[in-house]
Amino acid sequence: MKNAERITYTLDLFWKLLTAIVMTAFALMLTIMAIQVISRYALGMAVPWTDEASRYLFLAEIFLGSVLALRLQEHIRITVVTDILPRPLRHLAGALADIVCMLVLLMLIGGAWNMMERTAGVMASTFDMSFSYIYLVQMISAILMMGILLVSFYRRIMSICLPVSDQRRSL
């Protein structure tokens, strides 16, 4: 197997693993919420950890799922203006949008790091888990999105700078 094939295989495996993690978080959250509803309304007793656990799983699902959505370009966006632009300007507008998103992600990474330090000793109220793990998931998601945006930015800049025939050779 060549190096390029190994990298492609590893990345494909990584994206499948991340998808499985997001799907598992969703399934666990759904199961825990069902336990919460059944125990509270059918049995008349509340299970104390279900609310907090479902909240943490929801946060993990949202942040890690947003990485997958960005990778597949499935985020909601309005393209009325960019659709009417000529191809080079469309790529330039996309590159500028990538820069803005990367700046926001840098602030998110800094904020997550700050909150990880502040909440390292703070434990969840119903089970033994540090709050800092919530911010760790947030930081990991932001770093992964930053990588996706860097690749997107590079491709957009190359499509502006290189003629169409040279683009196929560089990508």
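Computed over heavy atoms, backbone and side chain alike; hydrogens, waters and symmetry mates excluded.
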Atom of [X], atom of [Y] and distance for their closest heavy-atom approach:
{"X": "Pro48", "Y": "Thr126", "value": "O-CG2, 3.5 Å"}
{"X": "Leu57", "Y": "Ala25", "value": "CB-O, 3.9 Å"}
{"X": "Asp51", "Y": "Arg55", "value": "OD2-NH2, 2.8 Å"}
{"X": "Val67", "Y": "Ser141", "value": "CG2-O, 3.4 Å"}
{"X": "Met139", "Y": "Ala112", "value": "CB-CB, 3.8 Å"}
{"X": "Ala60", "Y": "Val137", "value": "CA-CG1, 3.9 Å"}

Under 4.5 Å between any side-chain heavy atoms of [X] and [Y], yes or no?
{"X": "Trp49", "Y": "Ile32", "result": "yes"}
{"X": "Val100", "Y": "Leu96", "result": "no"}
{"X": "Leu150", "Y": "Tyr154", "result": "no"}
{"X": "Ser66", "Y": "His75", "result": "yes"}
{"X": "Trp15", "Y": "Leu68", "result": "yes"}

Could you grab the distance from atom [atom1] of [X] to atom [atom2] of [Y], nearest 0.5 Å is fine?
{"X": "Arg156", "Y": "Leu92", "atom1": "CZ", "atom2": "CG", "value": "10.5 Å"}
{"X": "Leu59", "Y": "Leu64", "atom1": "CG", "atom2": "CG", "value": "10.5 Å"}
{"X": "Ile143", "Y": "Leu106", "atom1": "CD1", "atom2": "CG", "value": "10.0 Å"}
{"X": "Ile38", "Y": "Gln36", "atom1": "CD1", "atom2": "CD", "value": "11.0 Å"}
{"X": "Thr19", "Y": "Phe14", "atom1": "OG1", "atom2": "CZ", "value": "9.5 Å"}
{"X": "Arg90", "Y": "Thr79", "atom1": "CZ", "atom2": "OG1", "value": "9.5 Å"}

Please determine whether the number of non-hydrogen atoms from other residues, nucleotides or ligands lying under 6.0 Å from atom [atom1] of [X] exceeds 12.
{"X": "Ile78", "atom1": "CD1", "value": "no"}
{"X": "Phe131", "atom1": "CZ", "value": "yes"}
{"X": "Arg40", "atom1": "CZ", "value": "no"}
{"X": "Met23", "atom1": "CE", "value": "no"}
{"X": "Met33", "atom1": "CE", "value": "no"}

Report yes or no: do [X] and [Y] belong to one cluster of Ile/Leu/Val/Met/Phe/Trp/Tyr joined by side chain heavy-atom distances under 4.5 Å?
{"X": "Met107", "Y": "Leu136", "value": "no"}
{"X": "Phe153", "Y": "Val151", "value": "no"}
{"X": "Val122", "Y": "Tyr135", "value": "yes"}
{"X": "Ile140", "Y": "Leu17", "value": "yes"}
{"X": "Val104", "Y": "Ile148", "value": "no"}

Q. With no hydrogens and no angle check, is any side-chain donor or acceptor of Glu52 less than 3.5 Å from a backbone partner on Ser125?
A.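 Present.
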Q. Donor-acceptor pair, Ser130 side chain versus Ala120 backbone, under 3.5 Å?
A.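 Side chain of Ser130 to backbone of Ala120: a pair is present.
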Q) Any side-chain donor-acceptor pair under 3.5 Å between Glu5 and Tyr9? A) no
